[in-house]
Amino acid sequence: MNTNFNDRVRKLEEQRRRRDVMVSRLCANIKRPVSWIATALALVSGWLACTYVRIPFPGVGNLTGLVMIWDYAIMLLILLLSMLAALAILTMPPLHAKNIESGLQHIALIDRYGFSPALVSNQGLKHSNIRELRFYSRGIAKEIWTKRQAAIEDVLNIHWIEEPQYGGRKRNNRNYIVLIVAPGAESKREEPLYDDEL
């Protein structure tokens, strides 16, 4: 009975996690112009398909009422498919999400149910190679991220520019962790720190 209860709790947590990640990705993608352009193209394509695509009614075509219902049903189906495509575009995971999440899973940065943090957004900062990675990290404390810094940097081939921060508008939402990172290992100074002329 205890096993059934644990399985049920895990499934509920998985559903909550999936919903929260999808809503977070939707909010992140809405802020990106590229997502709006792709969404608009999907909706316009659906509208144009409704206007110009005609699939003939199978069978005898002299049943005008049935043919009209068929045409409206096809138009409705096309509109529904274009809206689903638009929603899929707006909830798409960010670039390299699968690789980043599997890397964190590989080093066992997981919560008590075995879920690794989910990448919600991966944004580059203007005119630099610095990126802001925002993770849904419910159940994984910020202190754990800090303790596992070396392993995270190694598995993702990045280095931290700043310490991890909480997410949210006021940076106080503990369910989200924000990392400011740059690619590769941190370059060390090779020139001497003293002045020969002194």
Side-chain angles (χ1 to χ4, degrees), residues 1-36 38-39 42-43 80-125 130-183:
M1 181 172 175
N2 195 24
T3 306
N4 290 341
F5 178 75
N6 290 341
D7 289 343
R8 181 163 166 66
V9 170
R10 188 182 192 283
K11 284 180 183 175
L12 289 172
E13 181 61 28
E14 186 174 10
Q15 289 171 358
R16 175 186 175 143
R17 180 183 196 278
R18 189 179 303 122
R19 184 185 66 241
D20 288 350
V21 168
M22 186 177 288
V23 168
S24 298
R25 286 177 175 166
L26 175 67
C27 292
N29 285 334
I30 281 175
K31 297 174 185 173
R32 297 176 59 225
V34 174
S35 298
W36 277 109
T39 303
L43 293 173
L80 184 63
L81 289 174
S82 67
M83 287 167 58
L84 286 174
L87 183 62
I89 290 166
L90 288 175
T91 57
M92 281 177 70
L95 208 57
H96 308 299
K98 195 85 167 168
N99 292 338
I100 291 171
E101 290 169 9
S102 65
L104 297 177
Q105 182 85 36
H106 178 72
I107 61 168
L109 184 67
I110 54 176
D111 64 11
R112 63 184 291 204
Y113 300 106
F115 300 122
S116 66
L119 186 65
V120 171
S121 71
N122 179 356
Q123 296 179 339
L125 303 181
I130 297 173
R131 304 198 72 74
E132 180 187 273
L133 305 178
R134 189 160 59 102
F135 293 91
Y136 178 78
S137 181
R138 185 170 185 266
I140 304 172
K142 185 168 72 167
E143 292 75 25
I144 294 174
W145 285 83
T146 305
K147 286 179 186 174
R148 305 293 306 279
Q149 177 180 354
I152 294 167
E153 288 179 333
D154 285 346
V155 78
L156 300 183
N157 190 27
I158 57 167
H159 65 275
W160 292 3
I161 304 298
E162 298 177 7
E163 289 295 309
Q165 303 169 8
Y166 290 125
R169 288 184 183 172
K170 297 181 180 179
R171 299 281 189 208
N172 63 354
N173 189 337
R174 292 174 178 265
N175 291 334
Y176 296 91
I177 292 291
V178 177
L179 297 180
I180 308 297
V181 301

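Keep in mind the model is a prediction, meaning the values are calculated, not measured. Start at 1 with the first residue, then count along the sequence.
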Distance, nearest 0.5 Å, that separates CD1 of I158 from CD1 of I130:
12.0 Å
Just distance, no hydrogens or angles: give the donor-acceptor pairs under 3.5 Å from side chains in residues 144-151, sequence neighbours left out.
from : atom 1 : to   : atom 2 : distance (Å)
W145 : NE1    : S137 : OG     : 3.0
T146 : OG1    : K142 : O      : 3.2
R148 : NH1    : I107 : O      : 3.4
R148 : NH2    : I107 : O      : 2.5
Q149 : NE2    : E153 : OE2    : 3.1

How far does OG1 of T91 sit from CD1 of I30, to the nearest 0.5 angstrom?
10.0 Å
Under 3.5 Å, which donor-acceptor pairs do the side chains of residues 173-183 form with other protein atoms, sequence neighbours left out?
from : atom 1 : to   : atom 2 : distance (Å)
N173 : OD1    : N175 : N      : 3.0
R174 : NH1    : Y166 : OH     : 2.9
Y176 : OH     : S24  : OG     : 2.5

Find out whether F115 and R10 are in side-chain contact, i.e. whether some heavy atom of one side chain is under 4.5 Å from a heavy atom of the other.
yes
Excluding sequence neighbours, so at least two apart, what forms salt bridge (Lys or Arg N to Asp or Glu O under 4.0 Å) with R25?
E101
With sequence neighbours excluded, residues passing salt bridge (Lys or Arg N to Asp or Glu O under 4.0 Å) with E132
R171
Which atoms form the tightest heavy-atom contact between G103 and V155, and what is the distance?
O-CG2, 3.5 Å
Does N29 reach the main-chain N or O of M92 with its side chain, forming a donor-acceptor pair under 3.5 Å?
yes
I need the single residue from V120, L104, N122, I140 that forms a side chain to side chain contact (heavy atoms under 4.5 Å, CB included) with F135. Which is it?
L104
Residue set satisfying salt bridge (Lys or Arg N to Asp or Glu O under 4.0 Å) with R18, at least two apart, ordered chain then number -> E14
Non-hydrogen atoms of S82 and A42 that approach each other most closely
CB-O, 3.5 Å
Over all heavy atoms of both residues, which pair between L109 and P117 is shortest? Give the atoms and the distance, please.
O-CD, 3.2 Å
Identify the heavy atoms of T39 and S35 that sit nearest to each other, and give their distance.
OG1-O, 2.7 Å
Which heavy-atom pair separates A118 from V21 by the least distance, and what is that distance?
CB-CG2, 3.6 Å
Rounded to the nearest 0.5 angstrom, the CZ-CG distance for R8 and L12 is 5.0 Å
For R138, check salt bridge (Lys or Arg N to Asp or Glu O under 4.0 Å) against everything at least two apart and list the hits.
E13
Drop me the distance from M83's CE to L43's CG, to the nearest 0.5 angstrom.
8.0 Å
Under a 3.5 Å distance rule, please check whether R134 uses its side chain to pair with a backbone N or O of S121 as donor and acceptor.
no
